Amino acid sequence: MNVILLGPPGAGKGTQAKMLVEEYQIPQISTGDILRAAVKEGSPLGKEAKACMDKGDLVPDSVVIGIVEERIQQPDCAKGYMLDGFPRTVPQAEALDGMLQNLSSQIDHVVSIEVASEELVGRLTGRRTCRDCGVGFHVMFDPPEQEGVCDKCGGELYQRDDDNVETVTSRLEVYESQTLPLIDYYKAQGKIRPIDGVGDIKEIFARVTQVLS
Ligand code: AMP
């Protein structure tokens, strides 16, 4: 099963993807995570991506398309995968369709997680992530027992560089102008599965698994 998780920054794509990995035993492919790892390593890809990411802009299509093309052909993707944060533009979606056609494969579902834009800034700026295990918390809605420390593994919690108000505002504008058109793109293919992304994380997970089953 090949799934795309679509939705604005802060909709909960990463959180749902991590739960879906356990449920369906297929990998999460997060282009944001791959790019952040490259930035941390200081690789040429990381250096190119960092400037775009810090501004809240998108990394060039050619860069992310190359990353995904290589990743989906890895052996752990043979039974399927969940794309989280890709595609983000119509040219990326077209490139994905092209590469899947060459691989005699296709996307089965596009889960569109819907959250009103007023809610997203607070969700993003309060977000904290564990450096070691990647579990997410929120300072208001899901605080850890001890500030700055992961409940699950004791790792250090950090705030993403791009989760400040200014960058979040640009990221939301970029989403509206460049990513939102993908809803119509996948509607035309009959693959959009809209999900209400407001409420308890487990309830949202139940909504997602219902449409995927
Ligand atoms: P995310 O973790 O998905 O919120 O992505 C963080 C940042 O990585 C984005 O703001 C972009 O700068 C970059 N990025 C992630 N995925 C893509 C993509 N599919 N296309 C272009 N840029 C991306």
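Start at 1 and go down the list; that is how both ligands and their atoms are numbered. All of these numbers come straight from a predicted model, not from anything done at the bench.
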| N or O contact, G56 vs ligand 1, cut-off under 3.5 Å | no
| request: Please state which part of V64 comes within less than 4.0 Å of ligand 1, counting heavy atoms only: side chain, backbone, both or neither. | output: side chain
| query | What protein heavy atom sits nearest atom 16 (N) of ligand 1, and how far off is it? | reply | T31 OG1, 2.8 Å
| request: Quick one: pull up CE in M53 and OG1 in T167 and give me the separation to the nearest 0.5 Å. | output: 11.0 Å
| note | Nearest heavy atom to atom 15 (C) of ligand 1, choosing from R88, K50, M53, belongs to R88
| task | Treat each ILVMFWY residue as a node, draw an edge where side-chain heavy atoms are under 4.5 Å apart, and state whether V135 and Y158 are in one component. | result | no
| message | Test your reading of the structure: does Q92 have an N or O sitting under 3.5 Å from an N or O of ligand 1? | response | yes
| How far is atom 22 (N) of ligand 1 from its nearest protein heavy atom, and which residue and atom name does that atom have? | V59 N, 3.1 Å
| Given the rule that I, L, V, M, F, W and Y join up when any side-chain heavy atoms are under 4.5 Å apart, are I201 and V211 in one cluster? | yes
| Which option, D61, L35, D161, owns the non-hydrogen atom nearest atom 14 (N) of ligand 1? | L35
| task | Considering heavy atoms of the protein only, find what lies nearest to atom 4 (O) of ligand 1 and give residue, atom and distance to 0.1 Å. | result | R160 NH2, 3.1 Å
| request: Mark the output for K13 as yes if a heavy-atom distance to ligand 1 is under 4.0 Å, and as no if none is. | output: no
| Is a side-chain donor or acceptor of K13 paired with a backbone partner of I113 at a separation under 3.5 angstrom? | no
| query | Between E22 (side chain) and K18 (backbone), is there a donor-acceptor pair under 3.5 Å? | reply | no
| query | So is K55 close enough to ligand 1, meaning a heavy atom under 4.0 angstrom away? | reply | no
| message | Among residues at least two apart in sequence or on other chains, which ones pass side-chain contact (heavy atoms from CB on, under 4.5 Å) with Q178? | response | L58, T89, V174
| field | The single option from L182, D184, D61, T179 passing side-chain contact (heavy atoms from CB on, under 4.5 Å) against V90 | value | L182
| request: Look at atom 19 (N) of ligand 1 and say which protein heavy atom is nearest, naming residue and atom and giving the distance to 0.1 Å. | output: G85 O, 2.9 Å
| query | Any idea which protein heavy atom is nearest atom 11 (C) of ligand 1, and the distance to it? | reply | D57 O, 3.5 Å
| message | Under 3.5 Å between any N/O of D162 and any N/O of ligand 1: does that happen in this structure? | response | no
| Name the one of D163, D142, D162 that satisfies salt bridge (charged side-chain N to carboxylate O under 4.0 Å, His left out) with R127? | D163
| Contact (N/O only, under 3.5 Å) between C52 and ligand 1 | no
| query | Does a side-chain N-to-carboxylate-O contact under 4.0 Å join R207 and E203? | reply | yes
